[in-house]
Amino acid sequence: MAIVLDGKLLSQSTEKNLSKRVRLIRERTKIVPTLAAILVGSDPASATYVRMKGNACARIGIDSLKIELSENTSTSQLIEEISKLNKNENVHGILLQHPVPKQINERKCFDSISLEKDVDGVTCLGFGNMSMGAAAYGSCTAIGIMRLLKHYKIDISGKHAVVVGRSPILGKPMSMMLLNENATVTVCHSKTKDLADHVRQAEILVGAVGLPRFIKSDWIKQNSVVIDAGYHPEKCGDIDLHNIESKCFAFTPVPGGVGPMTINTLLLQTVEACERSVEK
Ligand code: NAP
């Protein structure tokens, strides 16, 4: 029977541990770890994500600061808000909810977040550092996946990993993290030819394509490790997980696999950022 890589379980047990760490910081220093979340515009899905992140912070005793900006905010106005948060000693982590309205240069705004507060792992500098094996907070979903693989003692070294998707927030950092753990990595995208043939070679498969059940179950290699980062309104991921248990070595369920690990990693990295600022 395949191993279920249970992100819900791992994130719940990590929350217990994080609550203790937060309590310790508060008792020793009177400092409350604080995450500032910036929401630009009125996209309902983004508002829901920010609310969920705020609720998760509250569960472990982190303060969350919500900065809501209007739909017509400009790049320079957003950068100004970010630099205020960079300077604010009471803020330990900054999250700019993606996507921002079209008139904003999102990359420029992400890159204005200071490295030590980039707990969502969105800056180019953080990505570069992480890729080179230097200290940086990684993209939360990709780190969440790596934490799941480590927790379940999945061998990565020497394995052929295939990542379907190359987005800056997921596919690219995922590929670098797997490479840093000595996987041989193939990165597929919308211009990839013969996608099914690549997927068939995957000993570790990561579906990060953003299309419901796009990766077919009959493409999946026997005894592989199957990671599905997708989550769609029809309660499925990017991979058709039909009959998956009889076929693979381990897999992430949808829901309850990768999803809970993303927010959990944001909490973890915010607590770490606060601990580091206290140590300074
Ligand atoms: P994205 O920015 O839309 O990127 C999708 C990637 O898939 C792109 O690199 C794109 O290639 C590639 N792609 C699109 N069509 C393809 C095709 N026909 N064949 C092969 N590749 C194709 O999406 P994302 O933000 O990375 O998210 C990916 C998935 O992860 C989504 O399902 C999303 O919901 C999920 N996600 C989950 C969490 C979580 O917390 N659980 C967080 C983030 C994302 P090009 O680069 O060539 O366009």
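Order of appearance sets the numbers: ligands from 1, and atoms from 1 within every ligand. Below, all heavy atoms of this structure are taken into account, side chains as well, without hydrogens, waters or symmetry copies.
Considering each of Leu211, Leu170, Val187, the one bringing a non-hydrogen atom nearest atom 44 (C) of ligand 1 is Leu170. Closest heavy-atom approach to atom 20 (C) of ligand 1 within the set His189, Lys172, His98: this belongs to His189. Comparing Gly207, Ser190, Pro260 by heavy-atom distance to atom 48 (O) of ligand 1, the nearest is Ser190.
Inspection of the Thr265 and Arg147 side chains reveals an N or O donor paired with an N or O acceptor under 3.5 Å.
For Lys8, the NZ atom counts as loosely surrounded, since its 6.0 Å shell holds 12 or fewer non-hydrogen atoms of other residues, nucleotides or ligands. Residue His189 qualifies as enclosed at atom NE2: its count of foreign heavy atoms under 6.0 Å is above 12. Within 6.0 Å of the NZ atom in Lys216, the count of heavy atoms belonging to other residues, nucleotides or ligands exceeds 12. When the shell of 6.0 Å around OH of Tyr231 is examined, it contains more than 12 heavy atoms from other residues, nucleotides or ligands.
Shown in contact with Gly230 at under 4.0 Å from a heavy atom are these atoms of ligand 1, numbered in order with element: 32 (O), 35 (C). Taking a cut-off of under 4.0 Å to the non-hydrogen atoms of Gly259, the atoms of ligand 1 that pass are 41 (N). Ligand 1 places these atoms under 4.0 Å from at least one heavy atom of Asp238: 29 (C), 31 (C), 32 (O). Against a heavy-atom cut-off of under 4.0 Å, Gly165 is close to the following atoms of ligand 1: 6 (C), 7 (O), 9 (O).
In this structure a side-chain-to-backbone donor-acceptor pair under 3.5 Å is missing from Gln12 to Leu9.
Taking a cutoff of 4.0 Å between a charged side-chain nitrogen and a carboxylate oxygen, Arg213 and Glu234 do not qualify as a salt bridge. With salt bridges taken as basic N to acidic carboxylate O contacts below 4.0 Å, none links Lys108 and Asp111. Here Arg21 pairs with Glu275 in a salt bridge; the nearest charged N to carboxylate O distance falls below 4.0 Å. Salt-bridge check for Glu116 with Arg276: failed, with every basic side-chain N at 4.0 Å or more from each acidic carboxylate O.
Scanning all heavy atoms of the two residues, the minimum distance from Ile67 to Glu81 falls at CG2-OE1, 4.0 Å.
In this structure, Cys188 falls outside the shell of residues with a heavy atom less than 4.0 angstrom from ligand 1. By the 4.0 Å heavy-atom criterion, His232 is counted among the residues contacting ligand 1. At least one heavy atom of Ala208 sits less than 4.0 Å from an atom of ligand 1.
Note: Cys140 SG to Ile145 CD1 = 11.5 Å, rounded to the nearest 0.5 Å.
Protein heavy atom closest to atom 25 (O) of ligand 1, with residue, atom name and distance, is Ile169 CD1, 3.5 Å. Among all protein heavy atoms, the one lying closest to atom 3 (O) of ligand 1 is Val209 O, 4.6 Å. Ranking the protein heavy atoms by distance from atom 2 (O) of ligand 1 puts Ser167 CB, 3.3 Å first. Nearest protein heavy-atom contact of atom 37 (C) of ligand 1 is Ala229 O, 3.1 Å. With hydrogens left out, the protein atom closest to atom 42 (C) of ligand 1 is Thr141 OG1, 3.1 Å, a heavy atom. Protein heavy atom nearest atom 31 (C) of ligand 1, with residue, atom name and distance: Gly210 CA, 3.4 Å. Looking only at heavy atoms of the protein, atom 17 (C) of ligand 1 is closest to Phe214 CZ, 3.6 Å. Distance from atom 46 (O) of ligand 1 to its nearest protein heavy atom, with residue and atom name: Arg166 NE, 2.7 Å.
Between Thr262 and ligand 1, at least one N/O pair is under 3.5 Å apart.
Residue contacts with ligand 1, taken as heavy atom pairs separated by less than 4.0 Å, do not involve Ile263 at all. Of the heavy atoms in Thr192, none comes closer than 4.0 Å to ligand 1.
Hydrophobic cluster membership is shared by Val226 and Trp219, with clusters built from Ile, Leu, Val, Met, Phe, Trp and Tyr side chains linked at under 4.5 angstrom.
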